[in-house]
Chemist: 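To start, I am sharing the structure in question, which I have written as structure tokens.
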Number of protein chains: 2
Amino acid sequence: MKRVAIARGASWEARVSTGAMCARIFERHNETIRVRNPNIGVAKLARIIEATLRLGNRRGFHATSLRDLSKASGVSMGALYSYFDSKAALLSMILGEFMPTVTSILVDVSPEVRSDARRHLAWLIDTHVRLSEAMLPWFVFAFMEAKAFPRAERHIAVETEAQTEGIFADVIRRGVKDGVFAVSDADLAATLIKPLLQDWYLKRGKYRNRGTSIEAYVAAVTEMLAMGLGIQERAQTRVLAS
Amino acid sequence: MKRVAIARGASWEARVSTGAMCARIFERHNETIRVRNPNIGVAKLARIIEATLRLGNRRGFHATSLRDLSKASGVSMGALYSYFDSKAALLSMILGEFMPTVTSILVDVSPEVRSDARRHLAWLIDTHVRLSEAMLPWFVFAFMEAKAFPRAERHIAVETEAQTEGIFADVIRRGVKDGVFAVSDADLAATLIKPLLQDWYLKRGKYRNRGTSIEAYVAAVTEMLAMGLGIQERAQTRVLAS
DNA sequence: AAATTTTGAGCGAGCGCTCGATTTTTTCTG
DNA sequence: CAGAAAAAATCGAGCGCTCGCTCAAAATTT
């Protein structure tokens with residue numbers, strides 16, 4: 001039993017490396033990407049996407065020109081367009097791979113853990129923090145670009161963010177039903193969780209300076225949430241609005 | 001005593017109208033604004049800034065061109081430049097008035113309320129939510145533009161955001177000292193508060209659809225925080241990191 | 001030698017911004 | 001208080017520049 005949970009928990013690490021991400025992007029977009037050879041294509045795509053994340057996280061994707069990107073990635077202007085049809089398509093490529101990847105990993109919980117709302121919540125926190133650590137540039141990029149972007153791409157971003165919040169809201173609702181959490185508005189509670197998780201990757205420097213380990217951070221967030229959600233036999237709070 | 005508190009609390013409403021904001025901006029920038037007559041200048045500045053907030057909140061300030069702004073405000077390209085030296089200066093004007101205004105209002109608490117950490121926290125929540133309601137476009141604009149912008153302007157934004165968080169952190173620290181709150185990391189707790197307040201103006205539509213009143217929202221946030229901060233005699237949580 | 005991949009100068013469009021001409025407002029004068 | 005003169009404010013076509021994007025030619029791989 002435990003071995004299954006560990007296998008599940010450990011399995012995502014290989015899937016979220018830049019190489020693995022880019023291999024999937026290359027496959028998924030094989031109709032628009034004009035380069036046929038995967039050995040050439042995946043490697044170059046990785047250079048392009050790495051540079052996009054690096055420059056985008058510094059100045060913002062919008063403010064990054066394709067000439068900058070060409071210089072930083074070492075891929076000529078023309079070659080860039082063998083990998084995407086437009087600048088917006090490049091953004092869509094990145095977000096379109098990143099967001100479903102995160103969601104699929106957060107959804108992939110063992111039935112054993114899932115059966116206990118408190119354990120499930122703790123697992124979600126742990127997994128999310130470790131995932132954001134492993135995919136730091138992607139998380140920062142997605143956060144920075146989620147707003148203020150072409151209606152289509154922006155819609156996906158907002159949608160997926162809502163989905164992630166929904167995963168947390170579901171666990172909380174289940175916990176309330178099972179009597180382990182006492183909280184009136186699960187959606188509001190889920191809204192409260194998100195920034196706690198975001199703090200780890202948005203203020204990475206702060207925690208590095210303080211010498212805070214991942215384990216300590218996860219423990220602190222889990223504990224703070226345990227209080228905030230009024231675990232176990234605490235009284236029910238009043239209902240929001242009505 | 002109470003009259004003083006009420007007078008303080010009620011007094012900010014006039015200061016945050018677009019007209020009042022623009023009058024102060026006009027005064028503060030009288031060296032760069034080439035229009036001398038305040039009757040003409042303030043009125044036109046208001047049209048410019050209203051249009052900037054409207055377009056900026058829709059597409060993002062960066063993506064809004066000065067030609068769009070000229071059309072939307074009814075002020076010609078040339079005339080715009082009688083009010084600011086550059087597009088960046090326009091942004092700086094807006095953020096430079098907005099952010100100190102918010103801070104000054106949140107700091108202006110009566111000594112009576114201030115003396116009780118729990119009441120002080122409740123007052124801060126109430127005031128912040130009502131303020132964000134009164135200045136909705138400004139809050140949304142500042143939130144959208146805080147990241148991904150010219151180093152100088154961005155610095156002010158980050159700085160002021162930290163300042164607001166600091167106000168909350170101070171109250172929490174005082175509450176811990178007085179034994180009314182039990183929380184290990186006041187900064188982390190303050191980080192937790194911010195998104196709860198932001199939800200009101202960032203997802204205004206959600207709460208409008210639900211028919212949630214300001215009073216109900218403030219009550220829900222206050223209650224949720226009361227639990228999260230472990231008010232009164234609850235046990236101390238473990239310390240983050242070490 | 002055929003197919004694939006890369007190259008970068010060049011295109012039109014739209015950007016932030018300017019400035020001489022023009023309109024509007026204020027001040028001066030008989 | 002009318003009307004001229006001065007001052008203030010507005011106008012928008014146009015400047016130089018950079019942007020996203022293209023394509024014929026060159027380099028590389030098969």
Side-chain angles (χ1 to χ4, degrees), chain A residues 22 25-26 29-49 51-52 55-56 59-94 145 148-150 152-153, chain B residues 22 25-26 29-49 51-52 55-56 59-94 145 148-150 152-153:
Chain A
C22 291
I25 293 175
F26 183 80
H29 293 83
N30 77 82
E31 298 216 340
T32 52
I33 294 178
R34 270 193 285 272
V35 175
R36 305 313 320 160
N37 185 332
N39 295 322
I40 296 172
V42 172
K44 245 181 197 172
L45 192 59
R47 274 163 58 193
I48 294 170
I49 286 178
T52 305
L55 296 184
R59 289 173 263 178
F61 180 75
H62 210 119
T64 302
S65 78
L66 290 174
R67 281 168 183 80
D68 294 337
L69 183 57
S70 169
K71 244 174 238 167
S73 64
V75 176
S76 72
M77 286 289 294
L80 287 179
Y81 277 82
S82 295
Y83 292 87
F84 50 77
D85 291 339
S86 68
K87 198 186 174 190
L90 172 61
L91 177 73
S92 177
M93 254 182 189
I94 294 174
E145 308 309 332
F149 244 107
E153 280 73 22
Chain B
C22 291
I25 293 175
F26 184 80
H29 293 84
N30 76 83
E31 298 216 340
T32 52
I33 294 178
R34 270 193 285 273
V35 176
R36 306 311 319 159
N37 185 332
N39 294 322
I40 296 172
V42 172
K44 252 193 187 159
L45 192 59
R47 275 163 57 193
I48 293 170
I49 286 179
T52 305
L55 297 184
R59 289 174 265 178
F61 180 74
H62 210 120
T64 302
S65 78
L66 290 175
R67 281 168 184 80
D68 295 337
L69 183 57
S70 169
K71 244 174 237 166
S73 64
V75 176
S76 72
M77 287 290 292
L80 286 178
Y81 277 81
S82 295
Y83 293 88
F84 50 77
D85 290 340
S86 69
K87 198 186 173 190
L90 171 61
L91 177 73
S92 176
M93 254 183 188
I94 293 174
E145 307 310 331
F149 243 108
E153 280 73 23

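Residue numbering restarts at 1 for every chain, and letters A, B, ... go by the order of the sequence lines. Side chains are part of it too, since the values below use all heavy atoms of this structure and drop only hydrogens, waters and symmetry mates.
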Chemist: Please report the closest heavy-atom contact between A/F26 and A/N37, naming both atoms and the distance.
Modeler: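 Distance-wise, the nearest heavy atoms are CZ-O, 4.0 Å.
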Chemist: Looking only at non-hydrogen atoms, find the nearest pair between B/L66 and B/K87 and report the distance.
Modeler: CD2-CG, 4.2 Å
Chemist: Select from A/I40 and A/T64 the residue whose nearest nucleotide in DNA chain D is closer to the 5' end of that strand.
Modeler: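 Nearer the 5' end of the strand: A/T64.
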Chemist: With DNA chain C as reference, determine whether A/A79 or B/D68 sits nearer its 5' end, using the nearest nucleotide of each.
Modeler: A/A79
Chemist: Rounded off to whole Å, could you give me the CG-to-P distance for the A/N37 and C/dT6 pair?
Modeler: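 Computing the A/N37:CG to C/dT6:P distance gives 9 Å.
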Chemist: Round to a whole Å and report the spacing from CG of A/L69 to P of C/dG8.
Modeler: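 Taking CG of A/L69 and P of C/dG8, I get 15 Å after rounding.
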Chemist: Can you see if the side chain of A/Y83 gets near the phosphate of C/dT6 - specifically, an N or O under 4.0 Å from OP1 or OP2?
Modeler: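 Answer yes for this pair, as a side-chain N or O of A/Y83 is under 4.0 Å from OP1 or OP2.
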Chemist: Using the heavy-atom set of chain B and a strict 4.0 Å cut-off, write down the first and last nucleotide of DNA chain D that makes it in, 5' to 3'.
Modeler: D/dA9 to D/dG14
Chemist: Students often get this wrong, so: under 4.0 angstrom with heavy atoms, is A/S76 touching a base, only sugar-phosphate, or nothing?
Modeler: base
Chemist: Return the minimal non-hydrogen interatomic distance between B/I33 and B/L45, and the atom names on each side.
Modeler: CD1-CD2, 4.3 Å
Chemist: Ignoring hydrogens, what is the shortest heavy-atom contact between A/I25 and A/I49? Give both atom names and the distance.
Modeler: CD1-CD1, 3.6 Å
Chemist: What is the minimum heavy-atom distance between B/N30 and B/R36, and which atoms define it?
Modeler: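 Shortest heavy-atom separation between B/N30 and B/R36 comes out as O-NH1, 3.0 Å.
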Chemist: If every non-hydrogen atom of B/A46 is compared with every non-hydrogen atom of B/C22, which pair is closest and at what distance?
Modeler: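 What the structure gives for the nearest pair is CA-SG, 3.5 Å.
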Chemist: Round to the nearest Å and state the distance from B/R67 atom CZ to C/dT18 atom C1'.
Modeler: 12 Å
Chemist: How long is the line joining CD1 of A/I48 and P of C/dT5, in whole Å?
Modeler: 13 Å
Chemist: Over all strands shown, is A/S70 touching base, sugar-phosphate only, or nothing at heavy-atom distances under 4.0 angstrom?
Modeler: nothing
Chemist: Given that B/M77 and A/S82 both sit by DNA chain C, which one's nearest nucleotide is further toward the 5' end?
Modeler: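 Its nearest nucleotide lies further toward 5', so the answer is A/S82.
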